[in-house]
Protein chains: 2
Amino acid sequence: MNDEATHRDFKNRLYEQFARVGKAIASPARIEFLELLAQGERTVDSLAKETGLSLANASQHLIALREAGLVLSRKAGLSVHYRLADPSVFELTRAMRIVAERRLAEIDRLVAEHFVGRADSEAVSFEDLLAKARSGEVVVLDTRPAHEYEAGHIEGAVSAPVDALQARLRTLPKSKEYVAYCRGPYCVYADQAVELLRANGRTAHRLQDGYPEWKAAGLPVETV
Amino acid sequence: MNDEATHRDFKNRLYEQFARVGKAIASPARIEFLELLAQGERTVDSLAKETGLSLANASQHLIALREAGLVLSRKAGLSVHYRLADPSVFELTRAMRIVAERRLAEIDRLVAEHFVGRADSEAVSFEDLLAKARSGEVVVLDTRPAHEYEAGHIEGAVSAPVDALQARLRTLPKSKEYVAYCRGPYCVYADQAVELLRANGRTAHRLQDGYPEWKAAGLPVETV
DNA sequence: TTCATAATCAAGAAATCTATTGAGTACTTG
DNA sequence: CAAGTACTCAATAGATTTCTTGATTATGAA
């Protein structure tokens, strides 16, 4: 087929290409962007503001992600909207997260410290939610910012951004059961919502994972 | 739960941990090591020789992988043996490969150039092989170096390193059908074996993927 | 004990990556 | 058209990564 030297050269070039993808997820800032983009399309400006990075810096990171093939962009008016290029990109971030969770003790320490009092046993699994949803007794609350809800949410979920939840309490009857979700396993919006709801006499639980995981599992979603 | 600043700090620390894993797969050399380690345990020296890196350099990369939690090591006599720390590490490399294949045109170009004449349609899928194996008419050839076969191989496969295949031809009757596999989709040993077998009047096909993929799929494996 | 081997450590040069700053471009609005 | 906004580009300092070289440690063999 090919000689030894040619083959070594091929391998080197191939691994170099794979490494382009690896390098893309080698920076905390870019990993955070990928997590936010897993919720839906976002502009450079909005990503920069949410993460606290300067606009120029955010732009450079996004360009790096685009050059590694992980995201795509489109220009609309003044803004440039970035989005994940392929579902496989979310799978990659998930694979990275799983390795980190299994192998880095530091993660356990951080999570235990930050989510004091969060009992994993209280979280509702996707199967549980699907079963409850059929019974009609459960209200699913999307606690992410409104624009993320609009970009896509769990079928039948109601937008209830955690900032605005207090004001919406009147519209949430005590007779119902609530399940709150947000961006993913480390997102706190759902936890905060559950806390607030319980403090106000509602029955509420957190969904085990977030919207991107739900969507990746092929479960029903809705876009406005 | 926690205030805004504390939460930002938690996120930063968390993404930093994820990035440790990302950084580990951001180097072509380390990616190659992970692919080799997916075949089974190997010593620093053997990895250095196979990849052409200096011993010190190989050692440093392996230490970096260990510190990121991706591999484990054990000392036996003079040698230190490294191995993948967890099946999730192979899944991570696979996720990276899939993103690269889907998103980087350069990969298609490289593969098309290097594997001239390789028809993907000729490859045998895992299901095909399982069906054929039951009929008993197929011989499965492991074309990797002997020590990789010994570290673990597809159940029922015969070790037939491609270097030694010519000499073994006499023991391979023309009446049988052969399926050759090796390290993975970009490994050429199986292609070379198929070529040699066909040139000598045998019916031979390449298996679609390699041993690590077979094992990850939960299909039957054997260790000596 | 002496020697050889396998691996790691330590130090340094070169390359690469990251964040910042300031300028420049494209587009929208008044 | 002028002003403002969103983004990118270009240049740069500082940090990090990579590879090399030579020394050091640990183990096994003679």
Side-chain angles (χ1 to χ4, degrees), chain A residues 8 11-13 15-34 36-37 41-83 147, chain B residues 8 11-13 15-34 36-37 41-83 147:
Chain A
R8 172 72 359 234
K11 276 195 179 177
N12 286 342
R13 286 165 192 271
Y15 291 127
E16 224 167 78
Q17 294 303 309
F18 292 159
R20 285 175 65 192
V21 174
K23 281 181 216 281
I25 56 166
S27 136
R30 289 194 293 272
I31 293 169
E32 184 165 13
F33 284 162
L34 291 175
L36 291 172
L37 292 174
E41 208 180 46
R42 305 243 339 215
T43 65
V44 182
D45 190 58
S46 110
L47 287 166
K49 288 205 171 85
E50 173 140 2
T51 57
L53 298 190
S54 73
L55 186 65
N57 194 12
S59 173
Q60 284 183 159
H61 278 301
L62 288 164
I63 289 168
L65 284 172
R66 191 175 56 200
E67 282 173 357
L70 276 65
V71 304
L72 295 171
S73 62
R74 69 179 176 89
K75 185 154 191 179
L78 280 179
S79 300
V80 175
H81 298 254
Y82 280 84
R83 64 184 185 281
H147 64 90
Chain B
R8 172 70 2 233
K11 276 194 179 177
N12 287 343
R13 287 165 192 271
Y15 289 127
E16 224 167 77
Q17 294 302 310
F18 292 159
R20 285 174 67 192
V21 174
K23 280 180 214 284
I25 56 166
S27 136
R30 289 194 294 271
I31 293 169
E32 183 165 14
F33 284 163
L34 291 175
L36 291 171
L37 292 174
E41 209 180 45
R42 305 248 331 220
T43 66
V44 182
D45 190 57
S46 110
L47 287 166
K49 288 205 172 86
E50 172 140 2
T51 57
L53 297 190
S54 74
L55 185 65
N57 194 11
S59 174
Q60 283 182 160
H61 278 301
L62 288 164
I63 289 168
L65 284 172
R66 191 176 55 200
E67 284 174 356
L70 276 65
V71 305
L72 295 171
S73 63
R74 69 180 176 87
K75 184 155 193 179
L78 281 180
S79 300
V80 175
H81 298 254
Y82 280 86
R83 64 184 186 281
H147 65 90

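Sequence lines set the chain letters: A, B, ... in the order given, protein chains first and strands last, and positions in each chain run from 1.
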Which of residues 43-54 of chain A sit near DNA chain D, with a heavy atom under 4.0 Å from it?
-> A/Thr43, A/Val44, A/Asp45
Would you kindly give the [atom1]-to-[atom2] distance between [X] and [N], to the nearest whole Å?
X       : N      : atom1 : atom2 : result
B/His81 : D/dA26 : NE2   : P     : 18 Å
B/Leu62 : C/dA6  : CG    : P     : 15 Å
B/Ile63 : C/dA10 : CD1   : C1'   : 12 Å
B/Leu78 : C/dA6  : CG    : P     : 7 Å
A/Glu32 : C/dA19 : CD    : P     : 12 Å
A/Glu16 : C/dA15 : CD    : C1'   : 14 Å

Establish, with yes or no, whether the OP1 or OP2 oxygen of C/dA6 is under 4.0 angstrom from a side-chain nitrogen or oxygen of B/Tyr82.
-> no
For the backbone of [Y] and the side chain of [X], can you confirm whether one donor and one acceptor N or O come within less than 3.5 Å of each other?
X       : Y       : result
B/Arg30 : B/Lys23 : yes
A/Arg66 : A/Tyr82 : no
A/Ser79 : A/His81 : no
A/Ser59 : A/Leu55 : no
B/Arg20 : B/Glu67 : yes

Excluding sequence neighbours, so at least two apart, what forms salt bridge (Lys or Arg N to Asp or Glu O under 4.0 Å) with B/Arg42?
-> B/Glu50, B/Glu148
Could you check if a side-chain atom of A/Ile25 sits within less than 4.5 angstrom of a side-chain atom of A/Leu70, using non-hydrogen atoms only?
-> yes
Flag the pair B/Thr43 / B/Leu78 as yes when at least one side-chain heavy-atom distance between them is below 4.5 Å, and no otherwise.
-> no
Which nucleotide sits closest to the side chain of B/Leu55: D/dA6, D/dC7, C/dA7?
-> C/dA7
Touch class at under 4.0 angstrom, heavy-atom based, for A/Ser79 against every strand present |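 The answer is sugar-phosphate, as A/Ser79 gets under 4.0 Å only of primed atoms, P, OP1 or OP2.
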For residues B/His61 and B/Ser27, report the shortest heavy-atom separation together with the two atoms involved.
-> CE1-OG, 3.7 Å
Restricting both atoms to N or O, compile the protein contacts to nucleotides 10-18 of chain D shorter than 3.5 Å, with distance only.
{"residue": "D/dT18", "atom": "OP1", "partner": "B/Arg30", "partner atom": "NH2", "Å": "3.4"}
{"residue": "D/dT18", "atom": "OP2", "partner": "B/Arg30", "partner atom": "NH1", "Å": "3.1"}

